[in-house]
Q: 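Encoded as structure tokens, here's the structure I'll be asking about.
Letters A, B, ... mirror the listed sequences (proteins, then strands); counts begin at 1.
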Protein chains: 4
Amino acid sequence: MNRRLTPRGRERRRQLMDYAIERFAENGYHPTSVAEIVQGLGVGKGVFYWYFKSKEELFLEILRETQLDLRRAQQQAIEGVDDPVKRIEIGIRTTMRWSSEHAHLNRLVQFAATEERFLPALRKGQDVAIRDAMRHVKEGIERGEIRDTDPDYIAHAILGITAQLARVFLHERGQPWEQVADAAVTLVLDGILATDRSPVG
Amino acid sequence: MNRRLTPRGRERRRQLMDYAIERFAENGYHPTSVAEIVQGLGVGKGVFYWYFKSKEELFLEILRETQLDLRRAQQQAIEGVDDPVKRIEIGIRTTMRWSSEHAHLNRLVQFAATEERFLPALRKGQDVAIRDAMRHVKEGIERGEIRDTDPDYIAHAILGITAQLARVFLHERGQPWEQVADAAVTLVLDGILATDRSPVG
Amino acid sequence: MNRRLTPRGRERRRQLMDYAIERFAENGYHPTSVAEIVQGLGVGKGVFYWYFKSKEELFLEILRETQLDLRRAQQQAIEGVDDPVKRIEIGIRTTMRWSSEHAHLNRLVQFAATEERFLPALRKGQDVAIRDAMRHVKEGIERGEIRDTDPDYIAHAILGITAQLARVFLHERGQPWEQVADAAVTLVLDGILATDRSPVG
Amino acid sequence: MNRRLTPRGRERRRQLMDYAIERFAENGYHPTSVAEIVQGLGVGKGVFYWYFKSKEELFLEILRETQLDLRRAQQQAIEGVDDPVKRIEIGIRTTMRWSSEHAHLNRLVQFAATEERFLPALRKGQDVAIRDAMRHVKEGIERGEIRDTDPDYIAHAILGITAQLARVFLHERGQPWEQVADAAVTLVLDGILATDRSPVG
DNA sequence: GATGAATGAGTCTTCATTCAT
DNA sequence: CATGAATGAAGACTCATTCAT
């Protein structure tokens with residue numbers, strides 16, 4: 001589907017993607033039929049297959065776009081920030097805000113993890129995110145700001161906390177993202193132990 | 001399906017569940033057909049519906065059983081342990097071991113989160129897990145061992161790190177659970193920052 | 001199924017037929033499964049096939065029994081009555097009473113008329129009923145009491161009115177059978193026209 | 001299924017209904033599968049569900065259409081006829097002719113009476129027919145032309161005779177409708193008794 | 001006699017995809 | 001570009017019947 005699209009065509013395509021995201025997120029990928037998508041927009045089935053080769057292709061497209069979009073937001077936010085720990089913090093905050101603004105997409109990503117055929121596309125994006133995080137972590141370790149543990153673990157820990165808190169507190173409980181971000185940052189940086197337990201310097 | 005089952009019947013049921021878990025985990029819930037399941041066991045289609053009301057019901061059954069089983073393992077492991085931080089640590093380790101021994105079930109739980117109709121059952125189990133964790137956290141806070149933050153956040157942070165590291169390092173990369181557990185415990189307890197950054201006591 | 005049955009066996013068989021009649025009448029023949037029938041009686045499936053060769057055979061059995069039973073009631077009622085018109089009247093009344101006492105069976109007979117394979121059995125019984133009625137009609141014509149028209153038509157008219165009024169007023173509206181019988185008798189004998197239209201004497 | 005249909009679509013739909021009527025009438029509703037219907041027309045299975053929501057819906061559609069069509073024929077036939085007894089007569093004759101021209105539909109209507117889920121639709125149509133007949137009957141009573149009995153009974157007697165004679169003499173024995181209609185009219189109007197039994201002559 | 005278990009052809013229905021217009 | 005129509009494989013589920021115990 002490398003069609004050259006007119007502006008109107010691009011708009012149609014956008015509409016289809018947006019509506020599909022909504023339905024996929026609400027109902028699940030499989031339970032949402034192509035018929036449902038085109039009916040929701042009041043167009044014929046041909047339209048769908050004009051813009052997308054298949055339902056699967058559409059989903060992959062959504063997945064790629066999603067991951068790319070979040071990454072762009074991250075990069076923009078940390079631009080020019082020198083301190084790696086600060087960059088991590090900003091990364092967490094940006095994820096929270098973006099996540100609260102794109103609530104729908106969470107389930108899609110999660111679903112992608114449950115079927116073999118979507119895993120490659122999913123991993124590609126997640127690897128990028130991990131690599132980004134690891135860069136900051138490594139730099140932090142070099143500077144002595146971050147504990148000298150396997151940066152891979154650390155990067156995943158960061159993503160794990162962030163994703164979990166986002167899912168529960170943003171999407172299920174609807175808390176403001178700033179508050180959730182604060183908690184995530186604290187927990188990531190300092191762990192859960194009372195600070196005075198840490199041995200003296 | 002509250003059939004009174006003979007021993008032979010119970011065995012059949014178990015077989016069906018186990019094989020279904022395997023297929024669901026490998027292929028996804030929707031792509032796995034009932035026909036595939038019964039063919040895999042070399043039995044007729046009616047057998048499936050003799051033991052389960054529907055494919056959906058089977059999935060829910062698996063979900064419930066899964067959550068119950070993990071919880072049992074946890075409770076057994078922490079029995080008699082007095083220190084709440086220790087209990088948290090043991091909880092994380094138990095999850096890791098259980099998770100490495102029941103690799104299949106991870107995807108199922110994740111899939112359950114992507115369709116509305118499975119959410120209630122899923123949440124029920126997760127709420128229990130969170131509540132369990134929160135009990136330890138609260139006690140830790142009271143004893144001054146855990147930072148005095150919202151225990152809800154802390155509990156979710158623990159589960160988030162554990163789940164993420166389990167998924168990636170156990171299931172994707174096949175690392176030994178003890179090692180992953182160590183990392184998880186450290187990150188949960190101390191966060192990512194270099195310890196000497198924490199102000200003296 | 002020409003089994004020699006013990007008294008207990010005959011009772012079981014009766015139970016099965018009665019319950020089946022009830023279910024067939026309420027739900028229809030096809031929508032009622034053998035499983036439903038045996039479950040309703042709390043017995044295993046083997047029992048059913050011990051007493052009946054098949055579901056179809058059971059239905060045919062019910063059909064035959066029904067028609068035989070009604071006929072017996074008729075014959076008993078008109079025994080010794082000499083006047084053919086009186087016999088017709090009694091026949092109508094007996095049908096009404098029997099029909100009100102065996103409400104369930106009506107639908108079964110009606111259903112039998114809608115599938116080719118049940119028609120032969122159905123017709124056999126109905127032919128008998130028509131022949132019975134025609135005997136009275138012919139005699140009535142000979143005696144000059146009944147209009148000299150094709151007795152076949154007359155016999156069917158009698159059955160038609162009786163069946164229709166029974167269905168509607170007995171089974172749908174629950175009126176007492178005596179009242180419905182009165183109406184049927186009058187309409188059959190005198191038609192609907194005002195009597196004074198018949199040339200005065 | 002409130003699809004906007006093209007002329008071609010309307011034709012398909014008609015084809016499906018007509019063929020289904022034929023099969024339902026010949027074989028019965030349940031024994032006729034959707035597969036059989038579409039195969040009979042040499043189309044794919046999806047076609048059926050493009051035009052009808054379900055097999056049940058199709059049947060109900062047929063039922064409604066049938067009843068509506070007969071009623072239209074009746075109303076057209078009695079238009080402008082003043083005498084109520086004459087209108088009843090014409091009604092009977094019209095039913096006979098229509099019934100002989102739509103032989104298939106008889107069994108369908110009969111079948112509808114044997115399953116709970118079809119009864120509402122069936123009754124709706126029959127109530128209309130009864131109400132129509134009752135109007136004529138009442139007027140006839142007022143004019144002194146019809147015996148002053150419960151018009152409800154009379155109306156049902158008319159329909160009962162007509163239906164029964166139609167079923168037997170038209171559909172089973174293939175007699176010409178005019179002849180059957182004559183008999184029905186006579187029997188309805190005058191009953192079965194010899195006229196000279198009516199007082200004096 | 002009776003039961004729970006098993007069979008598997010057959011049912012209705014859905015749906016991604018294609019195509020004539 | 002777009003639509004309504006069509007395809008047909010595949011899906012979940014049912015059920016009369018049989019059988020080992």
Q: Establish, yes or no, whether a centroid distance under 6.0 Å links the rings of C:Phe24 and C:Phe111.
A: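 No; C:Phe111 has its ring centre 6.0 Å or more from that of C:Phe24.
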Q: At what distance, to the nearest 0.5 angstrom, does OH of D:Tyr49 lie from NZ of D:Lys55?
A: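 Those atoms lie 8.5 Å apart.
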Q: Is a side-chain donor or acceptor of A:Gln67 paired with a backbone partner of A:Leu122 at a separation under 3.5 angstrom?
A: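 Pair found, side chain donor or acceptor close to backbone of A:Leu122.
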Q: Polar pairs (N or O, both sides) under 3.5 Å between protein and nucleotides 18-21 of chain E?
A:
none

Q: CZ of C:Phe59 versus P of F:dT17: gap in Å, rounded?
A: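 So the two atoms are 15 Å apart, to the nearest Å.
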Q: Measure the spacing between CD of B:Glu115 and OG1 of A:Thr32 and express it to the nearest 0.5 Å.
A: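 Between atom CD of B:Glu115 and atom OG1 of A:Thr32 there are 8.5 Å.
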Q: Rounded to whole angstroms, how far apart are CD on A:Gln39 and C1' on E:dA16?
A: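 Checked: the CD to C1' distance equals 14 Å.
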Q: To the nearest Å, give me how far apart CZ (D:Arg13) and P (F:dA6) are.
A: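 After rounding, the gap between these two atoms is 13 Å.
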Q: Which ones in residues 27-37 of chain B lie close to DNA chain F, meaning a heavy atom under 4.0 Å from one of its atoms?
A: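 Output list: B:Thr32, B:Ser33, B:Val34.
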Q: Between D:Glu11 (CD) and F:dA5 (C1'), how many Å, whole number?
A: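 Going from D:Glu11 (CD) to F:dA5 (C1'), I get 13 Å.
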Q: Once you round it to whole Å, what is the distance between P of E:dT11 and CD of D:Glu56?
A: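 One finds 17 Å between P of E:dT11 and CD of D:Glu56, rounded.
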Q: B:Trp50 has an atom CH2; how far is it from atom P of E:dG4, in whole Å?
A: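 These atoms are roughly 7 Å apart.
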Q: Please report the interatomic distance NE2(A:His30) to OH(B:Tyr29), rounded to the nearest 0.5 Å.
A: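 If I round to the nearest 0.5 Å, the distance is 11.0 Å.
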Q: Between D:Tyr51 (OH) and E:dT14 (P), how many Å, whole number?
A: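 To the nearest whole Å, that distance equals 17 Å.
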Q: Assuming nearest nucleotide by heavy-atom distance, tell me which of B:Leu5 and C:Gly9 is located more 5' along DNA chain E.
A: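 In this pair, the answer is C:Gly9.
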Q: How many angstroms lie between atom CZ of C:Phe118 and atom CD1 of C:Ile62, to the nearest 0.5 angstrom?
A: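 Answer rounded to 0.5 Å: 10.0 Å.
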Q: What is the distance from atom OG1 of C:Thr114 to atom CD of C:Gln110, rounded to the nearest 0.5 Å?
A: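 The OG1 atom of C:Thr114 sits 9.0 Å away from the CD atom of C:Gln110.
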Q: Walk me through whether D:Asp69 and D:His102 qualify under side chain to side chain contact (heavy atoms under 4.5 Å, CB included).
A: CA-CA 10 Å; D:Asp69 191 50; D:His102 300 79; 3.8 Å; yes
Q: Among residues at least two apart in sequence or on other chains, which ones pass side-chain hydrogen bond (donor to acceptor under 3.5 Å, both in side chains) with B:Glu36?
A: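 B:Arg23.
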Q: Rounded to whole Å, how long is the line connecting atom CZ of D:Arg12 with atom P of F:dT7?
A: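 Result: 6 Å.
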Q: Would you sketch DNA chain F in dot-bracket for me? Only Watson-Crick or G-U wobble pairs with both distances under 3.5 Å count, crossing pairs as [ ], other-strand pairs as |, the rest as dots.
A: .||||||||||||||||||||
Q: Can you list the residues that meet the side-chain contact (heavy atoms from CB on, under 4.5 Å) rule with C:Glu11, with sequence neighbours excluded?
A: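 For C:Glu11, the residues satisfying side-chain contact (heavy atoms from CB on, under 4.5 Å) (neighbours in sequence not counted) are C:Gln15.
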Q: Mind checking salt bridge (charged side-chain N to carboxylate O under 4.0 Å, His left out) for D:Glu61 and listing every partner two or more places apart, or none if nothing turns up?
A: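 Counting only residues at least two positions away or on another chain, D:Glu61 forms a salt bridge (charged side-chain N to carboxylate O under 4.0 Å, His left out) with D:Arg13, D:Arg64.
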Q: Let me know, please, whether B:Gly42 or D:Phe48 comes out on the 5' side of the other along DNA chain E by nearest nucleotide.
A: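 Upstream on the strand: B:Gly42.
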